[in-house]
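Let me begin by presenting the structure, written as structure tokens, before commenting on it.
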Amino acid sequence: MALDLYQRLGVKRGASEAEIKKAYRSLAKQLHPDCNKDNPKAAERFAQVTSAYDLLSDKDKRAQYDRGEIDEEGNPKSPFGGGFGGYSQGAGAGPRPGPGAGFDTMNFGGAETADLGDIFEGLFGAAGAARGRGGPGGGFGGFRQRGRAPQKGADIAYRLKVPFTDAVTLASQRIRLADGKTIDLKLPPGVEDGTKIRLSGKGEDGPAGRGDAIVTIEIGAHPFYTRDGNDIRLTLPVSLNEAVLGAKVKVPTPEGAVMLTIPKGTTSGKVLRLKGRGFSAKGGSRGDQLVTIAVDVPANDSDLQAFAERWSGGGNPRAALGV
């Protein structure tokens, strides 16, 4: 009975990535063709463990294998069995050889897998790495490198400057692409400076289809709002009468002005909160708008000056500072 991929490497099914890599390095060092030039069975075994590592080191393919969706060669399982005459059919590809494929381009179900050259080079140097791949410098046991699958076109990078209030309200942004077309881009919750949005199929043409557009968001500054995590901050001037006697005043928010109650006796620096007026978080909740009160004392107001000269209240507001 054929060994499964874990048995080939001598590890348990629940082995970690580090354990799998360690087991492969040990076996590769023992079985590498440079160390077994007169032992063709070692080369065959080397191909088997390399094939096993190539699949198990890919998280997605490993998960498919563990669920029984693909076999030890990375091919989809079917009720009728797979392969004809020693060849196996990969997704979206014609018949391909099994263990004889080059190791840095081994393909399971049509997907590119990790380059194993760094492991070979660490064990045997650059020349050994080339031979381990089946590349120039000797090859072994009939192994050869197969050509890469057709590639998608290149991605195209864009930088989009978004007004501060649009970022708060997640307003759609119109963007012109390199092909001259314009699209309305929806901003995601949790958007911030440096957020990247991928637009599938909006890149360059290629043999395997179009690449993507990658849009990097840059949020513009605002004349009186600042960001504090998902909250926004605003300094609000109020008159002396409003601060002393209390009042209802208009306050700007990114979605329009609202009324805010100023309690009696409010001093400069007091922070009032408007719930749910900040940035949207990734989970859908919203931050708040934090309003810092700044009492505006008019200059050269004779009545106010005369009142202050007569008023003896207030005490020492700096007592808490020890002065």
Side-chain angles (χ1 to χ4, degrees), residues 1-59 61-62 64-66 70-77 81-91 93-149:
M1 182 175 180
L3 298 178
D4 70 17
L5 298 181
Y6 295 96
Q7 291 172 330
R8 292 183 194 180
L9 295 176
V11 296
K12 296 180 179 178
R13 272 192 171 264
S16 66
E17 293 180 22
E19 291 172 330
I20 289 173
K21 185 171 184 178
K22 182 179 179 181
Y24 174 68
R25 286 177 63 91
S26 176
L27 289 170
K29 190 171 184 179
Q30 298 172 32
L31 300 170
H32 195 279
D34 282 356
C35 304
N36 298 274
K37 295 180 180 179
D38 299 323
N39 185 358
K41 289 188 177 181
E44 181 180 349
R45 174 84 172 115
F46 179 75
Q48 292 174 350
V49 298
T50 299
S51 175
Y53 176 74
D54 201 26
L55 194 149
L56 293 180
S57 62
D58 182 313
K59 291 182 180 179
K61 294 297 180 184
R62 180 180 179 181
Q64 288 180 290
Y65 179 72
D66 288 345
I70 58 175
D71 61 19
E72 281 73 15
E73 299 302 322
N75 299 312
K77 287 188 175 180
F84 301 91
Y87 287 85
S88 56
Q89 184 76 26
R96 58 179 178 83
F103 297 120
D104 62 341
T105 55
M106 277 191 170
N107 187 291
F108 296 96
E112 288 289 339
T113 57
D115 190 346
L116 303 180
D118 59 337
I119 293 180
F120 293 138
E121 189 163 354
L123 295 173
F124 304 103
R131 283 189 289 275
R133 291 187 180 111
F140 56 88
F143 295 105
R144 65 186 183 277
Q145 183 170 343
R146 68 190 293 263
R148 289 185 178 274

State, to 0.1 Å, how close [X] and [Y] come at their nearest heavy-atom pair, and which atoms those are.
| X | Y | answer |
| --- | --- | --- |
| Glu72 | Ser51 | O-OG, 4.3 Å |
| Phe46 | Leu31 | CB-O, 3.6 Å |
| Val11 | Ala15 | CB-CB, 3.9 Å |

Okay, side chain of [X], backbone of [Y]: is any donor-acceptor separation there less than 3.5 Å?
| X | Y | value |
| --- | --- | --- |
| Asn36 | Asn39 | no |
| Gln30 | Leu27 | no |
| Arg45 | Arg8 | yes |

> Going through the distances and angles, do Arg13 and Asp4 end up as a salt bridge (charged side-chain N to carboxylate O under 4.0 Å, His left out)?
Replying inline: CA-CA 10 Å; Arg13 272 192 171 264; Asp4 70 17; 3.8 Å; yes
Return the [atom1] to [atom2] distance between [X] and [Y], rounded to the nearest 0.5 Å.
| X | Y | atom1 | atom2 | answer |
| --- | --- | --- | --- | --- |
| Thr50 | Leu55 | OG1 | CG | 12.5 Å |
| Asp66 | Leu5 | CG | CG | 9.0 Å |
| Ser16 | Lys21 | OG | NZ | 11.5 Å |

> Charged N to carboxylate O below 4.0 Å: is that the case for Glu17 and Lys59?
Replying inline: yes
> In terms of the angle between their ring planes, are Tyr6 and Tyr65 parallel, tilted or perpendicular, with boundaries placed at 30° and 60°?
Replying inline: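 The rings of Tyr6 and Tyr65 sit tilted, inter-plane angle from 30° to 60°.
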> Got Gln48 and Glu44 here, is their nearest side-chain heavy-atom distance under 4.5 Å?
Replying inline: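 The answer is yes, as the side chains (C-beta and beyond) meet within the 4.5 Å cut-off.
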